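First comes the structure, then the notes that go with it.
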Protein chains: 4
Amino acid sequence: MTTVDPGLSRLERRKAETRREIIDAAFACFAEQGYHATGIADIAARLGIGHGTFYRYFENKRDIVEHVIDDLITRIVETLGAENAPDAVDTLEGYREQSARIGEALARIFAEDPRVPQLLIAAAGIDDAMRDKMLDLFELTTPLTAAYLEHGVQVGYLRADLDVEPTAQAINGMILGSVLAALRDPTPERQARLSAAIRAVMYDGIAVR
Amino acid sequence: MTTVDPGLSRLERRKAETRREIIDAAFACFAEQGYHATGIADIAARLGIGHGTFYRYFENKRDIVEHVIDDLITRIVETLGAENAPDAVDTLEGYREQSARIGEALARIFAEDPRVPQLLIAAAGIDDAMRDKMLDLFELTTPLTAAYLEHGVQVGYLRADLDVEPTAQAINGMILGSVLAALRDPTPERQARLSAAIRAVMYDGIAVR
Amino acid sequence: MTTVDPGLSRLERRKAETRREIIDAAFACFAEQGYHATGIADIAARLGIGHGTFYRYFENKRDIVEHVIDDLITRIVETLGAENAPDAVDTLEGYREQSARIGEALARIFAEDPRVPQLLIAAAGIDDAMRDKMLDLFELTTPLTAAYLEHGVQVGYLRADLDVEPTAQAINGMILGSVLAALRDPTPERQARLSAAIRAVMYDGIAVR
Amino acid sequence: MTTVDPGLSRLERRKAETRREIIDAAFACFAEQGYHATGIADIAARLGIGHGTFYRYFENKRDIVEHVIDDLITRIVETLGAENAPDAVDTLEGYREQSARIGEALARIFAEDPRVPQLLIAAAGIDDAMRDKMLDLFELTTPLTAAYLEHGVQVGYLRADLDVEPTAQAINGMILGSVLAALRDPTPERQARLSAAIRAVMYDGIAVR
DNA sequence: GATGAATGAGTTTTCATTCAT
DNA sequence: CATGAATGAAAACTCATTCAT
């Protein structure tokens with residue numbers, strides 16, 4: 001996914017490639033069996049390398065899981081960032097469409113490969129630092145969403161009295177909920193209904209006018 | 001917390017008490033150090049009992065964590081159930097107040113003792129069965145919330161076109177988000193703002209009318 | 001089996017009775033599950049007594065197995081002794097009949113309750129002292145058999161050049177073999193054929209005259 | 001004892017060697033202290049290796065004792081097989097000599113290293129499967145001896161009316177008895193007398209003609 | 001005297017990490 | 001540089017034995 005940097009000697013390139021492979025193998029192992037149930041030997045075996053070799057590329061087990069998670073976070077953030085352009089939208093209609101697009105992008109990451117949310121959940125249980133990293137990831141999305149809201153308020157199609165940041169958090173909570181729901185029932189129809197409900201709540205609220 | 005049943009011999013009472021103490025000690029250990037970092041010896045040491053004694057009360061490590069989590073879930077569900085009375089509310093205003101009350105009850109459980117959400121998160125990483133139990137817990141709240149919505153629609157103060165169940169999930173997602181947010185920033189002001197924002201989104205939506 | 005001594009107070013009689021019951025229960029447990037697989041709790045549970053009570057009657061696990069085995073040996077030796085009367089037989093024919101009778105008595109002990117040889121074998125594996133006790137039991141039969149041979153030689157129907165003691169050992173070896181064989185194939189026909197073969201070897205040898 | 005297969009890489013050879021060493025060390029430990037009293041740590045310590053290393057070569061304690069015993073049985077069977085050639089003997093005299101040779105071969109195994117019979121006895125007490133394996137070993141010798149008898153009957157120097165198989169069992173019982181006797185009194189004179197007595201019983205019987 | 005709750009020594013087993021080849 | 005053999009810390013779990021009730 002992340003392409004290997006160019007301009008390196010062949011050896012360095014090969015090394016970076018192996019690192020990549022180890023990260024991918026570790027990702028698969030951790031997601032499938034969990035962090036503690038995964039042994040370094042499992043990761044190495046999946047790649048067909050000696051497990052001593054692993055230690056030439058990563059310090060220790062903690063190190064690799066750190067990299068796996070960071071890699072994952074990078075991918076998620078990149079995906080979000082790619083779709084992210086709050087100031088490119090100037091009407092409520094356009095905004096609704098943008099919301100749907102971002103939702104789809106997230107679905108692509110989370111629902112397409114259920115190992116992704118599984119690993120994120122599992123990671124939160126490794127230790128305090130990891131749990132914090134996961135919470136950070138969740139919090140990190142707040143400003144992204146907040147930027148949209150802010151823009152919408154300024155342009156005038158969102159309520160002027162929005163408490164932007166907490167509102168962004170609330171919205172992201174709904175997205176998180178849909179990611180978790182997808183783990184139990186990943187049928188597209190279900191996802192679509194949930195996604196529609198989220199947008200309905202967001203834009204119209206639930207109260208009768 | 002849960003009081004020990006009466007009408008038992010002194011020995012039986014003492015035994016039930018010890019079980020309770022072990023569950024509480026295990027809760028503390030798991031929440032503070034995580035499941036894997038906690039040894040049976042740690043739990044026993046915290047209570048000042050021999051670690052062999054532990055095995056007189058619980059089958060094994062898996063057994064105790066199961067009980068700790070089930071105990072926790074019971075407490076949460078009981079709390080929710082106590083505040084739960086969808087048909088006791090007949091106006092939108094009453095409904096808003098009820099929402100606030102439930103939110104506060106949850107805050108009492110989660111924010112008062114941050115070890116509770118910490119443990120729930122950590123538990124999700126233990127194994128597949130535990131992760132599913134946690135997701136179940138999250139899903140379990142859907143019908144509770146849905147019952148409220150359903151009632152509100154019937155009485156007429158909620159929009160007739162609500163897709164009730166997914167909407168309930170969306171709302172619960174916001175609540176989950178606020179629980180997670182509380183782990184990072186547990187200041188009451190922050191919580192209050194978030195809670196207010198959730199209710200604002202719920203009832204009014206974010207769009208300008 | 002061994003009757004409880006009379007002339008004791010009621011309490012003493014009760015105590016002796018409980019000892020007997022514990023020995024019997026332990027015999028059953030050791031024979032069925034083996035010495036190491038048997039816990040004191042198993043023995044107590046089989047009797048429906050508390051396992052603390054066990055220690056009022058026997059020092060420890062080693063103590064009980066010692067008593068179980070000694071009890072068993074006593075029973076075997078008594079059985080052998082009851083049939084044993086070398087000087088009551090004065091003809092080869094009578095001798096052959098006597099052999100058959102002893103063989104049957106042994107079969108009654110060993111074949112009737114296969115737990116007996118099973119326990120003796122298992123006991124030999126407990127520790128050096130026990131193994132020696134089992135070997136002692138085997139050796140102990142040598143003088144019994146030797147007495148018969150001696151008598152037969154003196155009376156004149158057995159070969160004068162018999163090296164009595166080793167010959168007795170050889171004969172007892174055949175008996176031991178038949179006990180072991182009975183464990184694998186306890187059908188009476190098989191036992192009868194083996195018993196007949198032993199007597200044929202003993203009295204006639206295998207060589208053509 | 002069993003030589004390590006050639007034609008292997010140095011590492012493979014070293015590995016096979018270590019396996020052998022572990023089997024030998026385990027043999028010594030089991031024979032000296034018994035199966036249950038022997039810890040994996042004892043076996044490892046005797047070799048000066050870490051006890052984790054043990055688990056690179058054998059699954060668990062049961063696995064190693066299985067190998068130790070199978071190894072022992074193989075050695076015994078090979079020894080018996082090497083001396084075994086029923087049809088190479090055509091006279092009663094040759095037959096008697098052959099018997100003596102086999103007896104000596106067994107004595108070499110059993111009497112030379114008393115740990116061998118000790119281990120076989122101890123093994124019988126490990127569990128049901130092991131006890132059966134030991135009884136199998138004893139039974140396995142029946143057809144070997146029976147083949148000799150059969151041949152002798154056909155050639156004509158053994159009684160035509162022999163019930164061959166049970167007779168073979170009876171003879172093997174005598175041999176077993178002598179093995180056990182050797183454990184208590186391993187003096188060669190004693191062994192020689194017993195061996196002579198066995199042959200006397202076999203060929204001539206004990207009765208006066 | 002009976003009981004069974006408590007205890008902890010002792011064992012097996014796993015696996016991250018090191019390092020000689 | 002890759003390898004996997006070796007290692008031992010660490011953890012779960014059992015059960016004989018003690019002793020307060």
Side-chain angles (χ1 to χ4, degrees), chain A residues 11 14-15 18 36-45 47-65, chain B residues 9-12 14-15 17-19 36-45 47-64, chain C residues 11 14-15 18 36-45 47-65, chain D residues 9-12 14-15 17-19 36-45 47-64:
Chain A
L11 235 74
R14 177 75 197 111
K15 191 150 189 182
T18 303
H36 281 100
T38 297
I40 298 299
D42 296 321
I43 299 171
L47 270 177
I49 65 173
H51 61 278
T53 308
F54 169 90
Y55 285 91
R56 302 210 146 269
Y57 292 86
F58 295 93
E59 281 293 305
N60 52 35
K61 198 179 172 181
R62 188 56 218 273
D63 188 29
I64 180 68
V65 78
Chain B
S9 79
R10 199 147 67 77
L11 239 78
E12 276 166 327
R14 177 77 196 109
K15 220 168 166 187
E17 219 173 278
T18 303
R19 257 186 91 83
H36 281 100
T38 298
I40 298 301
D42 297 321
I43 299 171
L47 274 176
I49 64 174
H51 62 281
T53 306
F54 169 90
Y55 287 94
R56 292 186 58 71
Y57 292 87
F58 296 93
E59 285 289 307
N60 50 39
K61 200 176 169 183
R62 189 57 216 269
D63 189 27
I64 181 66
Chain C
L11 236 75
R14 177 77 198 109
K15 191 150 187 180
T18 303
H36 280 101
T38 297
I40 298 299
D42 296 322
I43 299 171
L47 270 175
I49 64 173
H51 63 279
T53 309
F54 170 90
Y55 286 92
R56 300 209 148 269
Y57 293 87
F58 295 93
E59 283 291 307
N60 52 37
K61 197 178 173 183
R62 187 57 217 271
D63 188 28
I64 181 66
V65 78
Chain D
S9 80
R10 199 147 66 78
L11 237 77
E12 277 166 327
R14 176 78 196 111
K15 224 175 160 178
E17 220 173 276
T18 303
R19 257 186 92 84
H36 281 101
T38 297
I40 298 301
D42 297 322
I43 298 171
L47 273 176
I49 64 174
H51 62 281
T53 306
F54 169 90
Y55 286 94
R56 293 186 58 74
Y57 291 87
F58 295 93
E59 284 290 307
N60 51 38
K61 200 175 167 184
R62 187 59 217 271
D63 189 28
I64 180 68

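Please read these numbers as outputs of a predicted model, since none were measured by experiment. By convention in this document, chain letters (A, B, ...) are assigned in the order of the sequence lines, proteins followed by strands, and residues within each chain are numbered from 1.
- By the 4.5 Å heavy-atom criterion applied to side chains, A/Tyr55 and A/Ile40 are counted as neighbours.
- In this entry the distance linking CZ of D/Phe58 with P of E/dT13 reads 14 Å, nearest Å.
- Between D/Asn60 and A/His36, the residue anchored closer to the 5' end of DNA chain E is D/Asn60, taking for each the nucleotide with the nearest heavy atom.
- Counting to the nearest Å, the C1' atom of F/dC15 and the CZ atom of C/Arg62 are 18 Å from each other.
- Under a 3.5 Å cut-off, the side chain of B/Lys15 and the backbone N or O of B/Tyr57 do not form any donor-acceptor pair.
- Across every strand in view, F/dT21 sits in a pair with E/dA2 that passes the Watson-Crick or G-U test at under 3.5 angstrom.
- The CZ atom of B/Phe58 sits 3.5 Å away from atom CD1 of B/Ile64, with the distance rounded to the nearest 0.5 Å.
- Rounded to a whole Å, the CG atom of D/Asp63 is 14 Å from the C1' atom of E/dT13.
- When the P atom of F/dT14 is taken as reference, atom OH of B/Tyr55 falls 7 Å away, rounded to whole Å.
- Shown here for B/Ala44 and B/His51, the closest heavy-atom pair between the two residues is CB-CA, 3.6 Å.
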Nucleic acid footprint by protein, nucleotides 2-9 of chain E - heavy-atom cut-off 4.0 Å, B for base, S for sugar-phosphate alone: BBBBBBBB

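- Per the geometry, NZ belonging to A/Lys61 stands 17 Å off C1' belonging to E/dT18, to the nearest Å.
- In this structure, D/Ile43 atom CD1 and E/dT13 atom P are separated by 11 Å, rounded to whole Å.
- A/Lys61 and A/His36 get closest at one heavy-atom pair: NZ-O, 3.8 Å.
- No side-chain donor-acceptor contact under 3.5 Å links D/Thr53 to the backbone of D/Ile49.
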